[in-house]
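Values below: every heavy atom of this structure, side chains too, minus hydrogens, waters and symmetry copies. Every chain is numbered from 1 and lettered A, B, ... according to where its sequence line falls, protein lines coming before strand lines.
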Amino acid sequence: MNKRVRVRFAPSPTGGLHLGGVRTVLFNYLFAKKHGGDFILRIEDTDQSRFVPGAEAYILQTLNWCGLTPDESPEAGGPYAPYRQSERKAMYKQYAEQLIDAGYAYIAFDTPAEIEEMRNNFKTPENPSPQYNQAVRAKMRNSLSLSKEEVDALLAGNTPHVVRIKMPDNEDVTFTDMIRGEVSFNTSQVDDKVLLKADGMPTYHLAVVVDDYLMKISHAFRGEEWLPSAPVHLLLWKYLGWANDMPEWAHLPLILKPDGNGKLSKRDGDRLGFPVFAMDWTDPKTNEKNTGFKEHGFLPEAFVNLLAVLGWNDGTDQELFSMTDLIEKFSMERVHKGGAKFNYEKAKWFNAEWIKNADNAYLASLVQPYFDEAGIQVQDKSYLEKIIGITKERCILLPDFITQAGFYFAAPTSIDTASIAPKWDDAKKNFFEALCTAFENSNSNDHTVLENIFKELTAAHGLKPGELMLPMRIMLVGGKFGPGVFEIAATIGVANAVARIKHALTLL
RNA sequence: GGAGCGUUCGUCUAACGGUUAGGACCUCAGGUUUUCAUCCUGGUAAUACGGGUUCGAUUCCCGUACGCUCUACCA
């Protein structure tokens, strides 16, 4: 039982990656890295009708942004290529045939209309959605109910058909889930799932088993929504003769919408005003746009952190974890069984914490694009880093730096004169005019020098510093926010400060 | 309808039979900051319900309720 740890994330390329998907990746990744194993990205594109161009590239970009780069993938290749199921199509057929030959599967010729008819015929109040199972399969058109001659004739005539698993009657299938412990299903409750579709493509059920086997997957982690079909997969591993190679399973809890109940969906984000995708995603078919955590101004470290503790903790009070911490401390056994409601307020708190603790140069590189977009010119990189250092504790999301730090680079474009005007009078106006002169004469960029000048002048004018600080702040930064006024004046330079005060004076 | 899974403060969670049921977010009240934010101190707030087992149950068992997932030639 000392086989190499190999795990996979196997999305279908149908759209953007949302919180739940990224967390599944994260837990896979953490488990693999903790055990020195491999993390594989496999694209499950067996449903051509749902294929969305660009989705695969998007998924890969997202993983890279999060720092969850796969060891093997369609792009990176690897010893078990190809990693797209559509390119592995030819492999699945032989296993389907193997199952038919062994009596574990059969060929079914029923058309969608015939199945629909069956469902209508067998529908009762007690059983509103009849399944294609052992109770009805004898009444359908398949290799179990038809004679060999009929089947051969149908096959010779190229009649469209699928391959279905023949679920045994009343058999308990039990397995150990790493999160849930022992889980048990009775085969009578599960239907004869289609294994191979009429177009020759495998369904998820066949493909996941075959590929996990061929790719030597040691642990299979997926969302809780897969639990009910687990017995099908278990049986397939057994029927194919691979029982000894079967991976260990863990079904991850769902991430729920913040209000009400149910799985978090992309619609919830727009409805409640927060991102659910990792990065911006525009559906090329519908042009529907969903915003991402990245573009909202989240640090990837914060995003990974908040996802990790949504359903997992290390048993201590620690909440802030770096990727290195997570790799060291993660364990699947400590993952919760129940779903967790997503809370955007807490998510923002994680980001604020990460911004406060981040390296200034690193933050500068992340902030730069927002400044570019806002038209804020940065001449001196080290100046930017310095400014970020003194403003980062007031920022929750990266775009907050535009308002919290932008005034260090250019005079504010809008000045909140409305907050000054009510108490404005000539005495104050005279004071600020005198202050400009005094500042100019001092030619000092030392905040204590400037503060002393300011205080001496207020005394000379018979005014109180308290009623002049706020107006000065607003003149310098545009509003009621920011670090200490004299620190700001000293940082932007006394000449700039004077220019801003003079400009503001013309507006009052 | 059926099957499976789940259920501790509003939210995320800790407590692997014995705690005044702990922490964090949110919120509220103070303090620091002559702005705002940060920061600091403190408060409110939970074991779904009913039975067992046990000297003792948040914890183990059963039932009930509620919720979720699945019940496709989608994953």
Side-chain angles (χ1 to χ4, degrees), chain A residues 10-14 44-47 49-50 108 110-112 115-116 119 123-133 160-164 177 179-180 183-186 188-191 193-205 207-208 222-231 251 253-254 256 258-263 306 309-320 333 336-350 352 356 391-396 400 403-404 419 464-474 477 479-485:
Chain A
S12 57
T14 54
E44 308 224 336
D45 55 349
T46 54
D47 185 356
S49 67
R50 296 213 313 160
D110 316 277
T111 63
I115 292 173
E116 179 66 26
R119 292 213 163 95
K123 197 191 293 185
T124 63
E126 296 76 40
N127 184 11
S129 53
Q131 298 182 315
Y132 197 122
N133 59 16
H161 60 275
V162 301
V163 175
R164 286 179 181 272
D177 183 288
I179 295 171
R180 286 151 214 285
V183 180
S184 178
F185 292 86
N186 188 287
S188 301
Q189 266 93 230
V190 359
D191 59 339
K193 294 275 183 224
V194 169
L195 264 20
L196 207 61
K197 299 188 262 193
D199 64 2
M201 279 287 195
T203 60
Y204 172 81
H205 303 106
V208 73
R222 63 214 319 192
E224 186 185 347
E225 67 269 27
W226 289 108
L227 207 41
S229 55
H251 291 86
L254 268 16
L256 278 14
D259 61 332
N261 294 302
K263 230 178 2 173
L306 72 92
V309 296
L310 209 50
W312 172 86
N313 69 79
D314 73 341
T316 72
D317 286 342
Q318 183 175 348
E319 296 201 87
L320 265 16
E333 285 75 14
H336 265 232
K337 298 182 181 77
K341 286 187 184 180
F342 178 66
N343 184 325
Y344 191 51
E345 292 306 315
K346 184 91 185 223
K348 285 193 291 192
W349 175 79
F350 278 106
K356 268 185 291 193
T391 55
K392 64 183 179 184
E393 67 189 28
R394 343 171 79 83
C395 296
I396 294 170
D400 293 342
T403 54
Q404 292 296 339
S419 294
K464 280 180 278 187
E467 52 188 345
L468 296 163
M469 296 278 273
L470 188 62
M472 181 162 159
R473 161 178 303 285
I474 293 172
V477 314
K480 298 186 224 176
F481 56 85
V485 278

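Heavy atoms of Thr124(A) sit nowhere under 4.0 angstrom from any nucleic acid atom. Residue Val485(A) is classed as having no contact, given no heavy-atom separation below 4.0 Å to the nucleic acid. No engagement by Pro258(A) is indicated, since no non-hydrogen atom pair under 4.0 Å with the nucleic acid exists. Using a 4.0 Å heavy-atom criterion, one finds that Gly479(A) contacts no nucleic acid atom at all. Using a 4.0 Å heavy-atom criterion, one finds that Pro125(A) contacts the sugar-phosphate atoms exclusively. Among the heavy atoms of the strands lying under 4.0 Å from Gln189(A) are primed sugar atoms or P, OP1, OP2 only; no base atom is included.
Atom CG in Asn343(A) sits roughly 14 Å away from atom C1' in rC9(B) (whole-Å rounding). For the pair His336(A) NE2 and rU11(B) P, the computed distance is 14 Å after rounding to whole Å. Distance Glu319(A) CD to rU13(B) P: 11 Å, rounded to the nearest Å. Separating the CG atom of Leu320(A) from the P atom of rG23(B) is a distance of 18 Å, rounded to the nearest angstrom. One can place CZ of Phe342(A) at 11 Å from C1' of rC12(B), the figure rounded to the nearest angstrom. Residue Lys480(A) contributes atom NZ, which lies 16 Å from atom C1' of rU33(B) at whole-angstrom precision. Separating the CG atom of Leu195(A) from the P atom of rA75(B) is a distance of 12 Å, rounded to the nearest angstrom.
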With 3.5 Å as the limit, what N/O pairs link the protein to nucleotides 57-63 of chain B?
none

Would you list the protein and nucleotides 69-74 of chain B atom pairs, both N or O, that sit under 3.5 Å from each other?
unit_1  : atom_1 : unit_2    : atom_2 : d
rU71(B) : O2'    : Gln131(A) : NE2    : 2.5
rC73(B) : OP2    : Arg164(A) : NH2    : 3.4
rC73(B) : O2     : Ala198(A) : N      : 2.8
rC73(B) : N4     : Asp110(A) : O      : 3.1
rC74(B) : OP2    : Lys197(A) : NZ     : 3.0
rC74(B) : O2'    : Asp47(A)  : OD2    : 3.3
rC74(B) : O2'    : Arg50(A)  : NE     : 3.2
rC74(B) : O2'    : Arg50(A)  : NH2    : 3.3
rC74(B) : O2     : Arg50(A)  : NH1    : 3.4

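The gap from the C1' atom of rG43(B) to that of rA48(B) amounts to 27 Å, rounded to the nearest Å. Look at the P atom in both rC25(B) and rU19(B): the space between them is 27 Å, to the nearest Å.
With a cut-off of 3.5 Å on both Watson-Crick or G-U wobble distances, the partner of rC66(B) is given as rG6(B).
Contact check on Lys348(A) versus Glu345(A) returns a salt bridge, with a Lys/Arg side-chain nitrogen under 4.0 Å from an Asp/Glu carboxylate oxygen.
Residues Met469(A) and Lys356(A) both approach RNA chain B. Their nearest nucleotides, taken by heavy-atom distance, put Met469(A) toward the 5′ side. Comparing Gly466(A) and Glu126(A) against RNA chain B, the residue whose closest nucleotide sits nearer the 5' end is Glu126(A).
Within the structure, a side-chain polar atom (N or O) of Asn313(A) is placed less than 4.0 Å from OP1 or OP2 of rA14(B).
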